[in-house]
Amino acid sequence: MHEIAEYVYRTHANIHLPNSFLPTTSADKMSLCKGCISGVRHEGIPEGRIEKIGGYDTYVALPTADYPKDKAVLFFTDVFGAQFVNNQLLADDFARNGFQVYMPDYFHGDGLPANAMNDDKFDRAAWMAKHAPETAKPVVDAVVNALKEKGITRFGTLGYCYGAIFVFSLGIENITHVSVVAHPSRIAVPDDLQKYKAHSQAPLLINSCEVDRAFPQEAQKAADDILGDGKFAPGYERTYWEGCEHGFAVRGDMSNPKVKAGKEGAFKASVEFLLKL
């Protein structure tokens, strides 16, 4: 049994990013919503390292104390990718709580750059066309297979925004044993929720928020209706963070008390849920 006495979380200072980046095609499921690319960058020095796993760059964060060698957490990032400091710091925080964490760089070093929000010439549509989930899934599969060869037998998955689709797919494939998503995007409602219920054996936690065009309150209610009240035997939980917007769990403004509470609360809930691993 993987146990921790108390969860560990670092408070990260903010470097503010502008919120002017608008989606190219608001009605298109594959476009980038405003919340997907806005927020704040956090200051800190990442403690993990980039390694080749399955032939692909992967950010690896390991606990400093002893930890179960047969269990691992796969961290699937938002559109900013594995090079983004917020994602690396967050992976480090999960490692501080006793989990070995692997964050595949499925954008091949081409995650959305923070300065794209200031660059009117940045071609958002072209970036998204290069990085559809179908192009990233082979990287995910290669990393999973390589970790299995290293002796990992149980996986927990974390998915933020763009990365949530891989949590769902691995859950439906019954590769993952515990699933956690925060402000998910590209989830087809109700289809993906029903498919998850029908096929997955992995308990699911959704960290949701008040303002989220990618996973609005109607979708949140649908998740509760489909999976809640004991309808999904492996287990289902959803947190809801008032005063928070899409992206809060990775790029939340820590100077805002409600956002700070939401970001830290979603992290704590995720750590506790991953103990099911």
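We use all heavy atoms of the structure for the numbers below, so side chains are in, but hydrogens, waters and symmetry mates are not. Source: prediction; values computed, not measured.
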Pairwise side-chain contact, Phe166 with Leu74, heavy-atom cut-off 4.5 Å (strictly under): no
Separation of Asn256 CG from Phe248 CZ (nearest 0.5 Å): 12.0 Å
Rounded distance (nearest 0.5 Å) linking atom CG of Leu158 with atom CG of Leu274: 5.0 Å
Distance, nearest 0.5 Å, that separates CZ of Phe75 from CD of Gln88: 10.0 Å
Flag for Tyr160-Asn207: side-chain donor and acceptor within less than 3.5 Å: no
Interatomic spacing from NZ in Lys268 to CG in Asp93 - rounded to 0.5 Å: 14.5 Å
Any Glu245 side-chain heavy atom under 4.5 Å of Val259 side chain: no
Main-chain N/O of Cys161 paired with Asp78 side-chain donor or acceptor, under 3.5 Å: no
Note, Leu227 side chain near Leu193 side chain (heavy atom, < 4.5 Å): yes
Check: Gly109 main-chain N/O paired with Asp105 side-chain donor or acceptor under 3.5 Å: yes
Donor-acceptor under 3.5 Å (His183 side chain, Ala249 main chain): yes
Glu272 side, atom CD; Glu237 side, atom CD - distance, nearest 0.5 Å: 9.0 Å
Beyond-backbone contact of Lys231 with Ile226, side-chain heavy atoms, under 4.5 angstrom: no
Over all atoms of both residues, closest heavy-atom pair of Cys209 and Gln220: O-NE2, 3.0 Å
Backbone N/O of Asp225 and side chain of Asp229: donor-acceptor pair under 3.5 Å: no
Verdict with supporting geometry, Lys137 and Asp141, salt bridge (charged side-chain N to carboxylate O under 4.0 Å, His left out): CA-CA 6 Å; Lys137 184 60 161 59; Asp141 292 340; 2.6 Å; yes
Proximity of Tyr106 and Tyr162 rings by center, below 6.0 Å: yes
Thr153 (side chain) donor-acceptor with Lys148 (main chain) under 3.5 angstrom: no
Member of Leu204, Val181, Asp224 meeting the side-chain contact (heavy atoms from CB on, under 4.5 Å) criterion with Arg238: Asp224
Donor-acceptor side-chain pairing of Tyr102 and Gln100 below 3.5 angstrom: yes
Donor-acceptor under 3.5 Å (His177 side chain, Phe155 main chain): yes
Atom pair CD1 (Ile187) and CZ (Phe168), whose distance is rounded to the nearest 0.5 Å: 4.5 Å
Evaluation steps, salt bridge (charged side-chain N to carboxylate O under 4.0 Å, His left out), between Arg96 and Asp92: CA-CA 6 Å; Arg96 285 169 174 243; Asp92 291 348; over 6 Å; no
Side-chain donor or acceptor of Gln83 paired with backbone N/O of Asp110 under 3.5 Å: no
Considering all heavy atoms, the nearest Pro104-Phe76 contact: CG-CE2, 4.0 Å
Nearest non-hydrogen partners of Val250 and Lys263, listed with the distance: O-CE, 3.8 Å
Donor-acceptor contact below 3.5 Å, side chain Thr58 vs main chain Met103: no
Ion pair check, Glu210 and Lys258, cut-off under 4.0 Å: no
Nearest heavy-atom neighbours spanning Ala202 and Pro234: C-CB, 4.0 Å
Donor-acceptor under 3.5 Å (Asn174 side chain, His199 main chain): yes
Minimum side-chain heavy-atom gap Ile206-Tyr240 below 4.5 Å: no
Side-chain donor/acceptor of Ser200 to backbone N/O of Gly171, under 3.5 Å: yes
Any side-chain heavy-atom pair of Leu170 and Glu173 under 4.5 Å: yes
Pair listing, ring pair (Phe, Tyr, Trp, His ring centres under 6.0 Å) test, anchored in residues 205-238, at least two apart: Tyr196-Phe232
Test item: Thr77 and Tyr59 side chains (from C-beta on) under 4.5 Å apart, heavy atoms: no
Step-by-step side-chain contact (heavy atoms from CB on, under 4.5 Å) determination, Phe99 to Val271: CA-CA 9 Å; Phe99 304 102; Val271 168; 4.2 Å; yes
Over all atoms of both residues, closest heavy-atom pair of Ala95 and Val101: N-CG2, 3.9 Å
NZ/Lys69: more than 12 non-hydrogen atoms of other groups inside 6.0 Å: yes
Which atom of Val85 lies closest to which atom of Gly44, heavy atoms considered: CG2-O, 3.9 Å
Row check, Tyr56 ring normal vs Lys52 NZ/CZ: under 6.0 Å, within 45°: no
Beyond-backbone contact of Asp192 with Ile165, side-chain heavy atoms, under 4.5 angstrom: yes
Phe267 ring center within less than 6.0 Å of Phe94 ring center: yes
